[in-house]
Amino acid sequence: MSVQDEIRRLTAADIQARKGGEPIVCLTSYHAHTARIVDQHCDIILVGDSLGMVMHGLETTVPVTLDMMILQGHAVMRGSKRALVTVDMPFGSYEASKEQAFMSAARVLKETGCGAIKMEGGVRVAETVRFLVERGVPVMGHIGLTPQSINTIGSFRAQGRDESDWARIEDDARAVAEAGAFSIVIEAVAEPLARKISGAVKVPTIGIGASVACDGQVLVLEDMLGLSPRVPKFVKRYTTLGPSIGEAVAAYAAEVRARAFPAAEHVYPMKAKKP
Ligand code: KIV
């Protein structure tokens with residue numbers, strides 16, 4: 001057996017068992033090269049539908065299609081070998097019926113080889129979550145700010161900052177957990193509420209703009225690397241790749257214009273002639 005064969009990917013069950021334990025580390029990735037790096041440090045790689053905004057420059061995640069998710073999910077699977085790869089179900093691929101959701105989820109699992117899918121919504125998708133889980137689809141929930149609902153909620157603002165909203169958001173978390181989700185993303189929710197939900201539900205919570213008390217954390221990779229021009233308040237930039245890439249591109253452009261690139265070491269000399 002090769003060393004490769006001995007490396008086992010984390011599963012949804014492994015993640016679920018981490019409730020209250022060692023924090024779960026999650027980042028997004030949409031391509032093979034970044035997946036290879038992220039895989040070395042993270043428990044979950046999320047192929048988020050944020051790829052529509054990050055990779056394609058869309059204003060929202062609404063136009064993202066199932067085919068886009070499958071293409072990038074496949075790339076991330078090829079680039080990784082240890083983390084649980086979880087692929088987002090895009091807007092329009094699961095809301096019409098439980099059956100539509102199952103057909104979409106089955107395509108994602110079969111065509112990418114990933115280990116789980118993620119679905120936005122609380123009480124309104126709980127029945128669908130149960131339907132999928134009973135049929136062998138591991139589901140990660142996503143409550144609080146749900147960006148696919150931008151056209152009805154109107155803005156990407158934090159949720160639960162007014163106590164009168166708490167019961168609704170707590171109901172969402174409970175409904176998804178009881179329906180069988182193996183974990184729940186809590187996005188942009190007032191810290192005390194995110195903390196309370198994390199203590200109340202029996203499955204791991206993964207925070208993004210939520211609370212350090214969550215069982216794990218997720219960020220969009222390009223945001224934390226400093227590549228995204230605008231980021232929400234909850235993003236910590238761990239480096240500033242944007243300016244570094246700008247400097248590298250400027251140096252390349254200057255060398256091309258000065259005929260300093262390619263240099264002798266970057267071109268192929270002729271083979272030595274045989275005597
Ligand atoms: O699409 C995405 O990247 C996400 C994370 C922000 C949780 O859903």
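Remember, it's 1-based here, ligands and their atoms both numbered in the order they're listed. From a predicted model like this one, the values you see are computed outputs, not experimental measurements.
Within ligand 1, counting atoms from 1 as listed, the ones closer than 4.0 Å to a heavy atom of G48 are 1 (O), 2 (C), 3 (O). Heavy-atom contacts of H142 reach the following atoms of ligand 1: 8 (O) (cutoff under 4.0 Å). Listed by number with element, the atoms of ligand 1 under 4.0 Å from a non-hydrogen atom of I208 are 6 (C). Of all atoms in ligand 1, listed by their number and element, those nearer than 4.0 Å to a heavy atom of S50 are 1 (O), 2 (C), 3 (O).
Nearest heavy-atom pair across H41 and I37 is CD2-O, 3.4 Å.
In summary, the side chains of Q148 and D49 do present a donor paired with an acceptor at a separation below 3.5 Å, with no hydrogens or angles considered. Side-chain N/O atoms of S228 and E222 include no donor and acceptor closer than 3.5 Å. No side-chain donor from either of T65 and D67 sits under 3.5 Å from a side-chain acceptor of the other.
Using a 4.5 Å cut-off between side-chain heavy atoms of Ile, Leu, Val, Met, Phe, Trp and Tyr, I197 falls into a hydrophobic cluster with I143, W166, I169, V176, I184, I186, V189, L193, V201, V203. Grouped with V267 in a hydrophobic cluster is no other residue, since no side-chain heavy-atom contact under 4.5 Å to another Ile, Leu, Val, Met, Phe, Trp or Tyr is found.
Contacts of D88 with ligand 1, taken as heavy-atom pairs under 4.0 Å, involve the side chain alone. Residue contacts with ligand 1, taken as heavy atom pairs separated by less than 4.0 Å, involve L46 solely via side-chain atoms from C-beta onward. Of all the heavy atoms of T28, the ones lying under 4.0 Å from any atom of ligand 1 belong exclusively to the side chain.
For ligand 1, the polar-atom distance check finds an N/O of K118 within less than 3.5 Å of one of the ligand's N/O atoms. Considering both main-chain and side-chain atoms, E187 never comes within under 3.5 Å of ligand 1 through any nitrogen or oxygen pair.
Side chains of M68 and M55 form no contact here, defined as non-hydrogen atoms less than 4.5 Å apart.
E120 does not count as a contact of ligand 1, since none of its heavy atoms falls under 4.0 Å from the ligand.
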